[in-house]
Every structure is written in structure tokens, then in C-alpha cells.
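Structure first, commentary second.
Computed over heavy atoms, backbone and side chain alike; hydrogens, waters and symmetry mates excluded. Below, chains carry the letters A, B, ... as their sequence lines are ordered, and counting in each starts from 1.
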There are 2 protein chains.
Amino acid sequence: MKAQNVRIKDIARLAGVSIGTVDRVLHNRGNVSPEALIKVNAILEQIDYKPNLIARTLGSNKNFRIAVLLPDPQVDQYWSQAHAGIIQSQSEWAQYNIQVEVHFFDLMDKSVFQKIAFQVDQSKPDAILIAPIFYHESLPVFERFHQSEIPFILFNTNIKEANPMSFIGQDLYQSGKVGAQLMNIGQHDPGTYAVLHLDEDVHESVHLLEKERGFREYFELKKLKINIIDFILNPNDPLFNSKLDQLLNEPSLRGIFVSTSKGTAVAASFLEKHGKNNIRLVGYDMLEENLKYLESGIIDFLINQNPKRQAALGVDHLANHLMFKKTAPANDLFPLEVITQQNVASYLSSGIH
Amino acid sequence: MKAQNVRIKDIARLAGVSIGTVDRVLHNRGNVSPEALIKVNAILEQIDYKPNLIARTLGSNKNFRIAVLLPDPQVDQYWSQAHAGIIQSQSEWAQYNIQVEVHFFDLMDKSVFQKIAFQVDQSKPDAILIAPIFYHESLPVFERFHQSEIPFILFNTNIKEANPMSFIGQDLYQSGKVGAQLMNIGQHDPGTYAVLHLDEDVHESVHLLEKERGFREYFELKKLKINIIDFILNPNDPLFNSKLDQLLNEPSLRGIFVSTSKGTAVAASFLEKHGKNNIRLVGYDMLEENLKYLESGIIDFLINQNPKRQAALGVDHLANHLMFKKTAPANDLFPLEVITQQNVASYLSSGIH
DNA sequence: AAATTAAATGTGTGCGCACACAGTAATGAA
DNA sequence: TTCATTACTGTGTGCGCACACATTTAATTT
């Protein structure tokens, strides 16, 4: 019927040696005579031998540990969605004896991040998945991982210097350009656009600014003469309300681009409160609150970063690496998904693909 | 340390019977005494037994055949993308001795479709993946599949009466609503919108009309008083050009919604030729030509049906069904992906997730 | 009571790989 | 010559499951 897959046994037969010898050649275990080596290699060159991963896995019966470093999902729904992805992958790999253990850190407390990261390193997991929110605090952590020779994957935030096994996430610069385009569609007259970075932690804004850069560059490249103003605001700031009030009083304001998922809902509630229905709002991610405002029409577009799938894929890549020695792509850049009132349901129902 | 997975052997020990008996209970093979049945079931209820799929697969060593029925990819790039998905899945499952064989049929010739479908049925594959383009011609085909007890999955086009293992595709009605929303964004004044069904085969339009229904309903629900005209046109029709010319001369024309992927490029070339840059164009799918027009700004939005992933997932579902006895979801509805000039690259680079 | 049959239960084998270990041949040392 | 050492080669086992087959027990007939 069909060319059956070649097994070690077949190679042994063709080369006129035992399967043990073939095994030694395949794994460079030595103790093979030059003649046997030549005979086996001759066959291997003719035949495209692909080891049966299923059989290999069954025999090994390894017990791997994957550690995940994640911001506390209690505080931020974005991270609880990421956590949901971890949970999902966890149960999928559990039967292969791959333990996925999650370690949370406080988004507000950088020192805790390092402490936990070092603890994780010391516990010697077989691989690590990490969302490196804090740039400066992350660098020495990666240093440790490399010293301990623990393979690790970054997700959500890319840090060039990390030199990880792979990065999973989006191109933030391009993401900003998408935001700008969605902002610009159908807006004819020149006007004012606001970029809002609403976050408790200003330091995080380093990577948020990348989105703003893309946003601005879009209009520049299109040679559209518009006015862009930006705000880096902490919602707990006493001046927060007055500053936003001031923004809304700007008569030429056409739209608001919010760079954070939580901030998107904050901005939306502000617009709703002031009855500003004609100002376009573009933000991030399918948080419950955001979906509510998308439904009511306050939010026009959401760019979906898909934290759930990012996290799930991170675990999958590591598990495949450990179990099947499959190499993950160096960069797994996610599509910049545009969510609207009309397609949101299709995203919610389809789950992870 | 490790919460070791429960094996059949463990259940047997706990229930005080042999593994053979446990096996008979698990597979309802009968020949089990009531007492033994009770003992085993008691353990099974306490313990969440998950069979080791790897071991199961290793032992079986089956040789499955999956037949795929697909329109000729030579003629239509949409289907060549679907074919690419098949190829991808094919190579993934090859090592598990699952043969994926593709049978092409002519989009223009319905009789050939039935002939090939019956041939495929007669060759007794273990499962079938089919894109049932022709409604009436498909019904007797499904009948045969059921008679032969060959599990089959529909993709791209849903046919309610088929009663398949599952359907993979999009909600066309909702897809039309997405198109309408994208059309409506930022369009303030009332105007005229055109819905174009450009296809060689008018009979296909049955399922295309579903998109139009969604398109129209969007505006009705939003209580937007606009003018919608529709055309069902064959690009080879001698009157084709004049009819489109007439459309473009309508001064109140704000936008065009094209329900087919090939037609999208046709409409785009028409708009470009007439220098109509201010008419919004919303169409379907990432065909090369469409991407060109998206880049140049003629096309504003594409709704991505993702034929590649649909096809690949179809094979995956069937393969998982055959190999691992995993049940595929009855409806695998894909997200209605919105493609723009700015996010298209991220979709192209990310491949299938 | 012995023989027959059916029902129930237990044992054995192979899937392909990895790895432990036993076996063989060749060489040099006692 | 005999023994020990080295260099290589081949065989055996387990991973967990599915299924074939052998064995035991109970029920029924002769």
C-alpha cells in the first residue's frame, strides 16, 4: 500500500547490523567499529529516518517541570486571561507528566518580581515561561537563567537583550499603526487625537510608548496633518479627572487611542459619563468591561493581544521542546486582531485555535 | 513529587481484578460479571482515568485514509490556500500512517462533483473532508456517506441537512454584518451602498445571499436610512462592464461590499481604473490580488475566511478522531477576522495558529 | 458423577524506542 | 597456555494500551 515508515529495525536489517548498533550510531554513543559506522551511515543517507515520536515518548517516561512567571491575575483581567491559557495547556500536558507550576508576582512591586524569579531559578525547573514586565529588573534574571542553562520563553513583552528560546507576542509598533488606521478610517477633517497611557505604573510605559510611536508614524507616513496629544496618567492621580475633563473639552477632539487594556475601559467610562458618543475610541483587549463598552458603542475598536493564546502557546512550545525535542520559532508574532461590535461574538465562541 | 497518572494496571489493582477485566469494562466489551463491573466502576468514579494516548496510539499502528474533496486549486486562489492547509496537515500526520488524499473537482461542472464524490465513497476511505459547494448535488452524496458509515466533516459551506460529524467555517450572516459595520464606520451622510455577488456560477449565490442578509440587517437594526442595491453578476457576462459603470456613476455611492474573494479583486480593479478612491470597498480573503489592492488603499477591509486554517483543521479533526478517538466540535466557527492595510503583515507572518 | 458448554477472568504479545546488560572476539599480559 | 582487558555487538526489558488467546469457574446436560 504505502511506504511504511522506516524503523530502527529496518535500518539494522538493511545495514546488516543489530538494532543496538544502529541505536549507538543514531545517538553518537560510540563503541561502534568503523566498518559498522560506514554501513549504517550509508543506509541513513539513503533513507530519511524519522524516529517515531510516539514510541520515543512512551518509553522515556520523563517527568518535566515548567515554571511560569506571571503577574497576579487577581488584579488585572488581562493577566487572568493569560492565566486561563496556562491552565488550559496545563491540563493538556498533565497526562504526559509535564507539571506546569505558576508563580505570581505583584505588578506594583518590582523587588518581589526579582525575588520570585530567583527562587524559581533555584528550584531548577526544566523550562520557564515568563512575562517580563519590568525591563531593568528582568535583565539579571535572564542572566541567571542562562547560567543555570534553563531554556526560557518570553511572552507579551519582548526584551531584545534577553536572548530567549523564543518570544511570543505582538509587534507593538505595528499595533500602534493599526490603532491609528482604525482611528483614521472615515475621518475626513483634520482634528485632534489623544493617546492615553493609563497605568498605575509609569515605568511600564517604556513599552507602551512603542505603540504611540507606531500611532504617530502612521499619520506622518500618510502625510495627514492632525494634532496628536498624549497623556501618561495614573488613574489614581488626583489630577486624573481634571486632565481628562480638559481633554474632552477640546472641540476638535476626534478620537482617543488607549494603549492599555485596563485603561481602555477607564477611558470608555469617561466618555460615557460625558455623553461623548461621537469620539472614536480605540483600545486593547477583550476584557469584560471593554466588551460591555464595545457592545454599547462607546468603544469602536479593540486590538486583541490574545493573552490567553499567548500564554497557552508558550507552555506548548516549551512542552514540545522538552518532550519531542521540537524547536520553537524564535519569534512567534501574533496577528493584530481587530475586534468590533459585530465580530466579537465570533472571537468569543471560537476559543483558541 | 509526581501525581502519577493512573494506569489500567492501577485500576485493576485497586478493584482487585485483572487488567483484562478493566479493559473490558472500559471498552464495553461485555463478558464481565456484575460484581466485577461494580468494583471497577466504583474505582473509575473515584479516579479520573485518562488513557495514555501515546501508548494507545503506539499499539494500534493503524493505517488510515482521509479523503479530501476540494475545488480545483488551479482555478481559484482561495482554494489553493485551502489546499495549502491540507498539504500542511498531511505532512504532520504522515508519520502516524494517516494518508491524506485530495480529490479535485471543477467549480464549473457539477456533474463531475457528484461523480468524484461517489468514486471517493466507493474507495472506502476512513473519513472524508468536503467543501460542499453545490447544494443540490451534495445531498445525495451525504446520503451515500451515511450509508457507507464514513464519518465526514464539512468545511467552508454549511449544509444543515448533511448531518456531518462537524462543520468548520464562518457564520455567513454575521460575516455580512461585520462587512456592514466596516462599511458604516465614519460614514455620516446617508448614501448608497452596493452589494456585489461576482461569480461565474450564480447557483452558488444561495450561500452568498446569507452575507447580504446580514449586511442589510445591520443597517436596519441600526435604523440607518440608506440605500442598498445588489447585483448578481458573472464577470464573463457581456453586460458586466456596463452594469458596473452605471453603478459607479451613481453620485451617492459610498461603498461596495463584495461577497466573494475573487470578486473583490475584480471590483477593486474597476474602482482603480475609474480613479474612484473615495468609495469604501469591503471584500473577502487574502488573495494576492486583494492584498495588492489593500496595500494601495483601494480595498479598505478584507474579511478573512482563512481557508488554509479551515482545511488544515478539518484534516486535524478527522485524524484526531481516527487516531485518538477525540470528538470534534459539532461546529467550529472561525472568528471573523478583519484585515486592514496595517495588520495584514502580522497575519501573513503568523501563519496558522 | 462425568462431560459439555458458556461465562468470566487472567495472561501474553506487539507497537518502536531507549537503554541496560549480556555476550563475543581480539589483543596483550601473566 | 590461560587469564584479563578492551572493543565491539547483540539481546532483553519496560513504557501503557489493545486485543488475542489461554485458563479458570460456574452452569447445564448427559
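- Using a 4.5 Å heavy-atom threshold, the side chains of B:S346 and A:D171 count as separate.
- Taking atom CG of residue B:N28 and atom P of nucleotide D:dA18, one finds them 13 Å apart after rounding to whole Å.
- A salt bridge is absent between B:E137 and B:K115: the closest approach of a Lys/Arg side-chain nitrogen to an acidic carboxylate oxygen does not fall below 4.0 angstrom.
- Ion pairing of B:E149 with B:K124 is absent here, as no side-chain N (NZ or NE/NH1/NH2) approaches a carboxylate O to less than 4.0 Å.
- Partners of B:W93 according to the ring pair (Phe, Tyr, Trp, His ring centres under 6.0 Å) rule, which considers only residues two or more places apart in sequence or in another chain, are B:Y96.
- Atom pair A:N52:CG and C:dG14:P shows a separation of 18 Å (rounding to whole Å applied).
- With 3.5 Å as the limit, one finds a donor-acceptor pair spanning the side chains of B:N156 and B:Y78.
- Within 6.0 Å of the CD atom in A:Q74, the count of heavy atoms belonging to other residues, nucleotides or ligands does not exceed 12.
- With axes fitted over five pairs at each extremity, the angle between the ends of the helix from C:dA1-D:dT30 to C:dA30-D:dT1 is 90° (10° resolution).
- In terms of position along DNA chain C, the nucleotide closest to B:L37 lies nearer the 5' end than the nucleotide closest to the other residue of the pair B:A55 and B:L37.
- Counting to the nearest Å, the P atom of D:dT11 and the CD1 atom of A:I8 are 15 Å from each other.
- A:H103 is linked by a ring pair (Phe, Tyr, Trp, His ring centres under 6.0 Å) to nothing, counting only residues two or more places apart in sequence or in another chain.
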### Task
Any chance you could list the contact pattern along nucleotides 19-25 of chain C? Use B for base contacts, S for sugar-phosphate-only contacts and - for none, protein heavy atoms under 4.0 Å, 5' to 3'.
B------
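- Between B:R56 and D:dG16, a side-chain N or O to OP1/OP2 separation shorter than 4.0 Å is absent.
- The separation between A:L58 atom CG and C:dG14 atom P is 16 Å, rounded to whole Å.
- For residues 24-38 of chain B, every residue pair satisfying the salt bridge (Lys or Arg N to Asp or Glu O under 4.0 Å) rule, not counting sequence neighbours, is listed here: B:D23-B:R29.
- Listed pair B:T57 / C:dC15 fails the phosphate criterion, with no side-chain N or O lying under 4.0 Å from OP1 or OP2.
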Measure all distances between protein nitrogen or oxygen atoms and nitrogen or oxygen atoms of nucleotides 5-8 of chain D, and list the pairs falling under 3.5 Å.
none

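- Taking atom CD of residue B:E35 and atom C1' of nucleotide C:dT9, one finds them 12 Å apart after rounding to whole Å.
- Computed from coordinates, the A:K9 NZ to C:dC17 C1' distance equals 12 Å when rounded to whole Å.
- Counting only heavy atoms from C-beta outward, the side chains of A:L129 and A:L318 approach each other to under 4.5 Å.
- For the pair B:Y49 and D:dC17, the criterion of a side-chain N or O lying under 4.0 Å from OP1 or OP2 is met.
- Atom CG in B:D10 sits roughly 13 Å away from atom C1' in D:dC15 (whole-Å rounding).
- The main-chain N or O of B:P335 is found under 3.5 Å from a side-chain atom of B:Q170 such that the two form a donor-acceptor pair.
- Nearest heavy-atom pair, B:H146 versus B:A162, reported as atom, atom and distance to 0.1 Å: NE2-O, 2.9 Å.
- Within the cation-pi definition used here (under 6.0 Å to the ring centroid, within 45° of the axis), A:R56 does not qualify as a partner of A:F324.
- Spacing between atom CG of A:N63 and atom P of D:dG16 amounts to 12 Å, rounded to whole angstrom units.
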